[in-house]
Amino acid sequence: MKIVVIGGTGLIGSKLVTLLRERGQEVLAASPASGVNTITGEGLPQALAGAQLVLDLANSPSFEDAAVMNFFQTAGQNLLAAGAKAGVRHHVALSVVGADRLPDSGYLRAKVVQENLIKGAGIPYTILRSTQFFEFGGRIADDATDGNTVRVPDALIQPIVSDDVVAALAEVSLGDPANGTLEVGGPERFRFDAFISRVLAAKKDKRTVLADLHARYYGTELAEESLVPIGKARKGSTLLDVWLSRSSASR
């Protein structure tokens with residue numbers, strides 16, 4: 001089976017390409033660097049020729065409201081049109097847990113638009129929404145830093161290691177289309193400030209982390225459970241402390 005991974009060189013995409021190839025699949029890692037551009041449409045017909053499965057893991061290079069909306073609308077329309085023409089049998093996309101609960105976030109509004117394009121395209125599909133990745137804890141802290149203080153939302157978070165997201169993507173991709181939305185999260189829930197504090201402590205980072213009811217995440221304030229799966233969801237198996245220990249040992 002020919003599989004095309006859009007965004008196949010990113011954190012998730014590169015790992016997924018490797019895993020699927022290890023399982024004997026024919027996989028094309030598609031990105032602008034390989035001549036496949038979902039914004040202009042360049043290279044899409046050639047990349048998707050003969051493909052049965054397409055995974056859309058691409059992310060916008062800009063999180064500014066208008067730019068991110070344009071990215072997901074344009075890329076989504078181009079990719080789905082090319083997929084329909086090529087006879088793709090399963091379209092899989094990675095999205096964000098809570099996207100439809102946070103309309104004040106320009107980024108998450110754009111992800112919902114992407115999801116709705118997929119649902120209306122007439123191609124069998126699976127949307128997998130994931131919680132935030134362990135690997136991005138440091139970046140979140142940096143974006144929320146003012147002086148020596150990190151202000152994060154006073155809410156729950158259920159982060160997951162990227163390897164567990166990749167495993168879930170491989171499982172749903174090689175199975176039958178769900179024609180619906182599935183969710184995956186980590187095995188543990190934390191207060192947002194506790195998660196960030198543990199990530200920073202593992203790097204011996206002395207910044208102070210504070211929970212702030214009005215701190216913003218992707219441009220929006222959060223309710224208690226905005227970022228955690230509600231109801232049935234897959235769970236990763238890797239505990240945060242285990243991942244932090246491995247990460248510290250590899251540095």
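Excluded from the calculations below are hydrogen atoms, water molecules and symmetry mates; all remaining heavy atoms, backbone and side chain alike, are included.
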Review item, side-chain donor-acceptor pairs of residues 43-56, under 3.5 Å, at least two apart:
from  : atom 1 : to     : atom 2 : distance (Å)
Gln52 : OE1    : Lys2   : N      : 2.8
Gln52 : NE2    : Gly50  : O      : 2.8
Asp56 : OD1    : Ala58  : N      : 3.3
Asp56 : OD2    : Gln114 : NE2    : 3.1

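No continuous path of hydrophobic side-chain contacts links Ile6 to Leu19 [ILVMFWY only; heavy atoms under 4.5 Å]. Taken together through direct or relayed side-chain contacts under 4.5 Å among Ile, Leu, Val, Met, Phe, Trp and Tyr, Val96 and Leu94 form parts of separate hydrophobic clusters. Linking Ile, Leu, Val, Met, Phe, Trp and Tyr whenever their side-chain heavy atoms come within less than 4.5 Å leaves Ile118 and Val172 in two separate clusters. Placement of Leu169 and Val88 in two distinct hydrophobic clusters is found when ILVMFWY residues are connected by side-chain heavy-atom separations under 4.5 Å, directly or transitively. The cluster map of Ile, Leu, Val, Met, Phe, Trp and Tyr, joined by side-chain heavy atoms under 4.5 Å apart, puts Tyr218 and Phe133 in different clusters.
Here CD1 of Ile39 is found 7.5 Å from OG of Ser60. Values are rounded to the nearest 0.5 Å. Here the straight-line distance linking atom CD1 of Ile160 with atom CD of Gln132 works out to 11.0 Å at 0.5 Å rounding. Between the CG atom in Asp212 and the CG atom in Leu222 there is a gap of 11.0 Å [rounded to 0.5 Å]. In this structure, Phe134 CZ and Asp163 CG are separated by 10.5 Å, a value rounded to the nearest 0.5 Å. The CG atom of Asn78 sits 11.5 Å away from atom CD of Gln73, with the distance rounded to the nearest 0.5 Å. The distance from the CG atom of Leu102 to the OG1 atom of Thr220 is 5.0 Å, given to the nearest 0.5 Å.
Between the side chain of Asp104 and the backbone N or O of Glu221 there is no donor-acceptor pair closer than 3.5 Å. Judged by distance alone, with hydrogens and angles left aside, the side-chain atoms of Ser245 form a donor-acceptor pair with the main-chain N or O of Asp241 at under 3.5 Å.
Of the charged side-chain nitrogens involved, none lies within less than 4.0 Å of a carboxylate oxygen, so that Lys235 and Glu188 do not count as a salt-bridged pair. Salt bridge annotation for Glu171-Arg234: present, with a cationic side-chain nitrogen under 4.0 angstrom from a carboxylate oxygen. A salt bridge does not link Glu225 with Arg101: none of the charged nitrogens is closer than 4.0 Å to a carboxylate oxygen. A salt bridge between Asp146 and Arg151 is absent, with no side-chain N of the basic residue lying under 4.0 Å from a carboxylate O of the acidic one. Contact check on Arg109 versus Asp65 returns a salt bridge, with a Lys/Arg side-chain nitrogen under 4.0 Å from an Asp/Glu carboxylate oxygen.
Residue Asp176 qualifies as open at atom CG: its count of foreign heavy atoms under 6.0 Å is 12 or below. With a 6.0 Å radius and a threshold of 12 heavy atoms from other residues, nucleotides or ligands, Lys119 has its NZ atom above the threshold. Around atom CZ of Arg21, more than 12 heavy atoms belonging to other residues, nucleotides or ligands sit under 6.0 Å away.
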_Worked verdict on Glu115 versus Arg129 for salt bridge (Lys or Arg N to Asp or Glu O under 4.0 Å)_ = CA-CA 10 Å; Glu115 292 181 5; Arg129 288 179 172 175; 2.7 Å; yes
*List the steps, then state whether side chain to side chain contact (heavy atoms under 4.5 Å, CB included) holds for Leu128 with Val184.*
CA-CA 7 Å; Leu128 181 67; Val184 64; 4.1 Å; yes
_Show, in sequence, the C-alpha distance, side-chain angles and deciding distance for Thr74 and Asn70, and conclude whether the side-chain hydrogen bond (donor to acceptor under 3.5 Å, both in side chains) test is met._
CA-CA 6 Å; Thr74 304; Asn70 179 67; 3.3 Å; yes
_Would Thr126 and His90 count as a side-chain hydrogen bond (donor to acceptor under 3.5 Å, both in side chains) here? Give the steps._
CA-CA 7 Å; Thr126 304; His90 191 183; 2.8 Å; yes
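Asn179 is linked by a side-chain hydrogen bond (donor to acceptor under 3.5 Å, both in side chains) to nothing, counting only residues two or more places apart in sequence or in another chain. Every salt bridge (charged side-chain N to carboxylate O under 4.0 Å, His left out) that Glu224 has, sequence neighbours left out, goes to Arg191. Annotation: salt bridge (charged side-chain N to carboxylate O under 4.0 Å, His left out) contacts of Arg207 (sequence neighbours excluded): Asp142, Asp205. A search for salt bridge (charged side-chain N to carboxylate O under 4.0 Å, His left out) contacts involving Glu64 returns nothing, not counting sequence neighbours.
Using a 4.5 Å heavy-atom threshold, the side chains of Met69 and Val113 count as touching. Inter-residue side-chain proximity for Leu244 and Arg198 is flagged as met; some heavy-atom pair is nearer than 4.5 Å. Residues Leu80 and His91 meet the side-chain proximity criterion, which asks for heavy atoms closer than 4.5 Å. No side-chain heavy atom of Val92 sits less than 4.5 Å from a side-chain heavy atom of Leu57. In this structure the side chain of Ile196 reaches within 4.5 angstrom of the side chain of Ile140, judged on heavy atoms.
Residue Tyr217 forms a ring pair (Phe, Tyr, Trp, His ring centres under 6.0 Å) with just one option from Phe136, Phe63, Tyr107, Phe192, and that option is Phe192.
Scanning both residues, Phe195 and Leu240, for their nearest heavy atoms gives CD1-CD2, 3.8 Å.
Applying the 4.5 Å side-chain rule to ILVMFWY residues, one finds Val228, Ile230 in the same cluster as Leu156.
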